[in-house]
Amino acid sequence: VTRDLPTLVTGRLTLRPFRVADAASVQALAGDVEIYRTTTNIPHPYDDGMAEQWIASRPESFRAGEGVALAMSRTRDDVVVGCVGLTIRPAERQAELGYWVGVPFWHNGYATEAAMALVDYGFAALGIAKVTARHFAGNPKSGRVLQKIGMTREAVLRHYVCKDGVFHDVVVYGVANPADPASRDS
Ligand SMILES: CC(C)(COP(=O)(O)OP(=O)(O)OC[C@H]1O[C@@H](n2cnc3c(N)ncnc32)[C@H](O)[C@@H]1OP(=O)(O)O)[C@@H](O)C(=O)NCCC(=O)NCCS
């Protein structure tokens, strides 16, 4: 079965597959050092061609069951404001949630709105049993997003990630799929 990346509609956003035409927006928004500072998988500098290549590889990644990454597009004008994704570990039926919102669009609740919808989709459509997420302790805004979508703070990993020569504490959040019997405590 060939599965195509989904499109999910929320109150203000359309979470849809990225198109090649979005590459310039992705490069400009994700290339901002403010996004690089609190993430671990976004290149900096964000060079020409990187966005095109990343966008082009998303459908295959989804078909391989490795993850789903969607553009947060503002429904009223189709402006791309950010990205939300799940990186999947199929054997464990677990997924790691990630997101960024372009700096001009911060503090509108977009990360919360998008993350909520994608977690629901992961549970309902992808058979995910548990979603985890992690943020640098120095990025409490992201912790607020995770709390607002109903995730629970599970652990703090001290000095867990070394970024540009500085160790960061990492806060781990999780939520089990309430409809999945395998998620009950043993
Ligand atoms: C983290 C990020 C995605 C948040 O996006 P956003 O769309 O502005 O988030 P939201 O508006 O949905 O929610 C942000 C929440 O953080 C709160 N917040 C803002 N500054 C804060 C601070 N210094 N401490 C604690 N909470 C803070 C906001 O008040 C809001 O919560 P509220 O609705 O209860 O008031 C965005 O800042 C970003 O892209 N940062 C860089 C990339 C990144 O860190 N990604 C996550 C990696 S784990």
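In each ligand, atom 1 is the first atom listed, and ligand 1 is the first ligand listed.
Ligand 1 is surrounded by Glu34, Ile35, Thr38, Thr39, Tyr99, Trp100, Val101, Trp106, His107, Asn108, Gly109, Tyr110, Ala111, Thr112, Arg134, His135, Asn139, Pro140, Lys141, Ser142, Arg144, Val145, Lys148, each with at least one heavy atom closer than 4.0 Å.
A donor atom on one side chain and an acceptor atom on the other are not found under 3.5 Å apart for Thr14 and Ser73. Glu96 and Thr87 share no donor-acceptor pair across their side chains, judged by distance under 3.5 Å alone.
In terms of heavy-atom proximity, Leu13 sits nearest to Glu113 at N-OE2, 3.4 Å. The two residues Ala133 and Met151 come nearest to each other via the heavy atoms N-CE, 3.8 Å.
Counting heavy atoms from C-beta on, the side chains of Val175 and Thr152 never come closer than 4.5 Å.
Asn177 is linked by a side chain to side chain contact (heavy atoms under 4.5 Å, CB included) to Phe123, Ala179, Asp180, Ser183, counting only residues two or more places apart in sequence or in another chain.
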